[in-house]
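Nothing here was measured: the structure is a model prediction, and the numbers come from that model.
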Amino acid sequence: MFKKVLIANRGEIALRINRACHELGVATVAIFSDADRQSLHVRHADEAFCVGPGPVMRSYLNIPNIISAALISGCDAIHPGYGFLAENARFAEIAADHGLTFIGPKPAVINAMGDKATAKRLMREAGVPTTPGSDIVASVDEARAVSEKIGYPVLLKATAGGGGKGMRAVTGPQELPTAFATAQAEAEASFKDGRMYVEKLMPNPRHIEVQVLADEHGGVVHLGERDCSVQKPSHQKLIEEAPAPVLDPAIRARLHAIATTATRAVAYTNAGTLEFLVSGSDVYFMEMNTRIQVEHPVTELIYGVDLVKEQIRIAAGEALGFSQDDLHPHGHAIEVRVNAEDPQNNFAPAAGTLSTVVFPGGPGIRVDTHIYGGAIVPPFYDSMLAKIVAVGRTRESAILRMERALGETRIEGVKTTVDFCRELMNEPEFRAGGIGVGWLPAILARRAAAV
Amino acid sequence: MFKKVLIANRGEIALRINRACHELGVATVAIFSDADRQSLHVRHADEAFCVGPGPVMRSYLNIPNIISAALISGCDAIHPGYGFLAENARFAEIAADHGLTFIGPKPAVINAMGDKATAKRLMREAGVPTTPGSDIVASVDEARAVSEKIGYPVLLKATAGGGGKGMRAVTGPQELPTAFATAQAEAEASFKDGRMYVEKLMPNPRHIEVQVLADEHGGVVHLGERDCSVQKPSHQKLIEEAPAPVLDPAIRARLHAIATTATRAVAYTNAGTLEFLVSGSDVYFMEMNTRIQVEHPVTELIYGVDLVKEQIRIAAGEALGFSQDDLHPHGHAIEVRVNAEDPQNNFAPAAGTLSTVVFPGGPGIRVDTHIYGGAIVPPFYDSMLAKIVAVGRTRESAILRMERALGETRIEGVKTTVDFCRELMNEPEFRAGGIGVGWLPAILARRAAAV
Amino acid sequence: MTEDVIAARARALAGALTEAGFARLRVRDGDIEFELRRAVQPGATIPAPVPPVATDAEKPSARRDDLVASDVVGIVRLTRPVVVEGLDLDGDRELAYVETLGIRNPVRSRGAGRITAVFVTEGQPVEYGQPLFAIER
Amino acid sequence: MTEDVIAARARALAGALTEAGFARLRVRDGDIEFELRRAVQPGATIPAPVPPVATDAEKPSARRDDLVASDVVGIVRLTRPVVVEGLDLDGDRELAYVETLGIRNPVRSRGAGRITAVFVTEGQPVEYGQPLFAIER
């Protein structure tokens, strides 16, 4: 096991990793920007280094300063969390060059899965069903040819894309030139990579993903699926749950089987997530996230497995301590992302000082957060303030528990998604389960029209 | 099911009950004293009534005002929590007289179990092993005769006793007259009942208790045992866990069997706890608590059962939704009581304003609390500020988790037991498990001598 | 009396005062006397971290009147002839009673004065400490 | 009552007063009477709920000196001749460099002045923004 781990992240995930390290008896080193000097992740770590000013390029993405902090403090491993450098193969390589274990998959796998078009090709070769579509399309004309073959509507996607950037829905050929140009420009601006591909656009599919763990000795298990279909119009997840409700057991079993097959096929190691679109009985591989996900707690709560500890153990060379037969989910878990955003105003992010912070507690409630009364929300980073997770014996009890937990939550000083998500808990379609990714945008459109 | 429940309590347990009610779709009415106007239990309830000034006799023990609040607000039931009126049979009767369901056992059972000597006699009659000792002793002479029969050391106990009051250890006949007089005087002052009895004093026994649930249709189950042997010199529990570590499986099975037998024998209904002293292979019934216990969350975490919801369902006349065969514990849970007390000064209680309040979170952590940053700790009430509960797959992982959770906890403004309990997590004897009730007093004595 | 108790009392009194909208409160309990005056601009002062629980009592103006509050939880029954604003009292009289579990708890004017506010109506439920009447002495 | 006790009481009362947002508090307990009045601007008195995190950097004195801080994370290497307190610099010079992954990041005086403090020693690890030298201009 490692002696000391540098946590190359901030916010709740930095705390999450710090917790796993401390429970494993591993010392921790935090990094922080000038804007995060008062953050809990700094206080809870055993050591902490300021690596730059507020803007991410100069701090949380500042590879030399981060690696230097790890070396100076005598770390033997780096945990990247999610976002920032988590899927940066170059960072993983540099860490390795300096004798630091990167807690994640091998750089080559990060690279292959990070390139969406390559990932799809590899998965197709492994027999995994992927969305009908193209490899890289070099021009509008190529895009038009593919689109006509697979049929409109289609989705133009940047191969380096993520978080909805460099993505455009196209309903017919006349929209294609503009959509292609703007999506490509966005991709170039965001990822310095303007390569595009085309995919069949599903009508309101469900977003269902499967969690896997793979050690370096050939051990591969899945930890079931998560339903992340409640997404903002920007395609960002807002509410996640496990298991996926009203899912045909045959489809569930197929998703799990595909996930472990694919994990083995690409020689994947560490924790990973395979994202699928599910539409009726059709299942299509979308992408693989080569890191821990924001929504991992819902899986932890129903499987009783600490995924971040497992990541660290795997990276330290340990074999998985359990097999697929040992893993049985109990109950149902739901996560709500508490973001500093205004749901009445297109989820515009907010920054400021939090005057009041009261989180829920009691049975079946888990809170992962870095905020506290008096904390400052800097303008530089992701707007997520906390994750509130509720677990119950049944989906209904988990929803009721989440509803009361959100009712107990008081965050004052910035607008948040708390009350909005509480309302969503009472939407009949959400209660029924099985909604698609178009559900929340449709609700928002309906509300906007009503005003 | 009830429509509206009055919660006749304050602090974390009032919140706990509020949570259970809301998750059951039941409206709630809080009561509060002038000193608790800003308390979270007032904010989270659907309605709230001030029932008196700070001192408990005029507010939380003010039966007419509490019953009146329940009637005015249209409640159909009252949950008493623990402490205050929870084991007051007269209160339960008055509630019933006014058409309000008391969420707890029947008044006659509360009465029988509340009188320690009667409870022991009833249990003996049901074949439950009780500590060798006497019924009521009317004089020092009677006490001396019994003590000589059962052998010193003995414990003089008030039949109405609780919280260590009216209790004296006696090592030989010469100590008896003074001990009898002072214990009796204390009992008379505290409980207006000076009746005493004598019990064999065990050398450093373990305090192990069994949780039971019994419905009004004959359904009785146990939910395993809790080890509450980490007690302050005042006999107040400080750290509890479930299951009891290093316990012979035969003794465990015997405790469970005795508990359900006894529950049936006294026609007990609702949630209850049978407390035992365990010394080697000897098991002795001590008392039965006819209410929810402070430490109930450790049981909830390993059994996945919401005990307060079950209390409410049982009181509403529902049959238990599970049988003994459905109940299987998973993992290990530990609870630490975060009290506003100074462990360096005989746990002297403290009051004041809390400047900083940061609770732990993340996997396996449950927090039950009524405090928040800026909250006031009034001088009138129990010093418990919060319960931090950690659950893990094994006892070791739960202890490591608790250690890191207490490390994350920051409460400033009053002295607390947080750091002290964190140190205890590292004591080799605690780690090994199986300590007796004399363990913590011995540690404290050792530390005091070292200063 | 320890600092903690003093502080707790002051806080409780301050809460009652703010809620009732009055500027000054003096309480004597045995040989202990409390007096609280409200700051000039209460709006500008530190907000309580938790918003106060709303009560049904209307906010009277900031005159230096005596507040007559309920000391039980129950239902208000106004004594006839019913007290109205502007009424002059020439001495101690029963203004109302609060019914709690069938028991009448009388509410008296505790001396002469002019009724400047009636905060409750017949049959209204009231809690402990809830203002019922204001009297200008 | 000793001065200590008086001071302790005053502090406790002041806390309660600030919290409640009131301007004056008078308490009489037996033959002891306390009166506290708050300063004019209560809004400015709110304490931060969380104390700032301590950093390892020594606190420079409150003179109006220029602080030269590290803008990388690395190991300090003092440039020879080694800079000492009191040294006069007649222009811009390299005072040290901070080594980060084998790269030398020079630290310069950015002009003339007198070295009034050296906060680091040879081989010391430093973080971003950590003061290295103070220079009186």
Side-chain angles (χ1 to χ4, degrees), chain B residues 6 29-45 47-55 58-59 62-74 94-95 97-98 100 340 349-355 357 370-381 413-414, chain C residues 1-20 25 27 29-30 32 34 36 45-57 67 69-77 97-105 120 123-132:
Chain B
L6 182 128
V29 178
I31 60 165
F32 61 99
S33 75
D34 256 350
D36 277 342
R37 200 164 280 276
Q38 305 289 322
S39 185
L40 278 190
H41 84 274
V42 178
R43 288 171 55 176
H44 289 345
E47 293 168 62
F49 283 81
C50 183
V51 293
R58 295 189 56 201
S59 50
N62 187 331
I63 296 179
N65 277 358
I66 294 170
I67 299 281
S68 182
L71 295 175
I72 285 174
S73 54
I94 294 171
D97 288 349
H98 286 86
L100 297 160
T353 299
L354 302 168
S355 52
V357 174
H370 57 289
I371 66 165
Y372 53 87
I376 293 158
V377 181
F380 308 109
Y381 314 114
V414 299
Chain C
M1 199 160 55
T2 68
E3 280 68 49
D4 283 348
V5 174
I6 293 172
R9 281 200 166 194
R11 268 184 226 110
L13 293 176
L17 204 60
T18 305
E19 198 169 61
L25 177 64
V27 176
D29 180 4
I32 295 161
F34 270 92
L36 244 97
T45 59
I46 307 161
V50 180
V53 177
T55 68
D56 294 324
L67 274 186
S70 175
D71 59 2
V72 294
V73 179
I75 302 287
V76 170
R77 304 293 176 195
Y97 63 90
V98 181
E99 203 181 300
T100 303
L101 309 185
I103 294 162
R104 290 170 59 125
N105 299 283
V120 286
Q124 184 182 321
V126 292
E127 64 183 353
Y128 172 86
Q130 186 167 334
L132 307 177

Gap between atom OH of C:Tyr128 and atom CG of B:Asn62 - 0.5 Å precision: 9.5 Å
Stepwise side chain to side chain contact (heavy atoms under 4.5 Å, CB included) check, B:Leu71 with C:Leu101: CA-CA 9 Å; B:Leu71 295 175; C:Leu101 309 185; 3.6 Å; yes
C:Ile75 CD1 to B:Ile72 CD1 distance, which is reported to the nearest 0.5 Å: 4.0 Å
Residue selection (most heavy-atom pairs with chain C, distance under 4.5 Å) from B:Pro64, B:Pro53, B:Ser59: B:Pro53
Nearest heavy atoms of B:Ser68 and C:Val73, plus distance in Å: OG-O, 2.7 Å
Pair B:Val51-C:Glu127, side chain to side chain contact (heavy atoms under 4.5 Å, CB included): steps then yes or no: CA-CA 6 Å; B:Val51 293; C:Glu127 64 183 353; over 6 Å; no
Step-by-step side chain to side chain contact (heavy atoms under 4.5 Å, CB included) determination, C:Gln130 to B:Phe49: CA-CA 10 Å; C:Gln130 186 167 334; B:Phe49 283 81; over 6 Å; no
C:Arg77, CZ atom: more than 12 neighbouring heavy atoms under 6.0 Å: yes
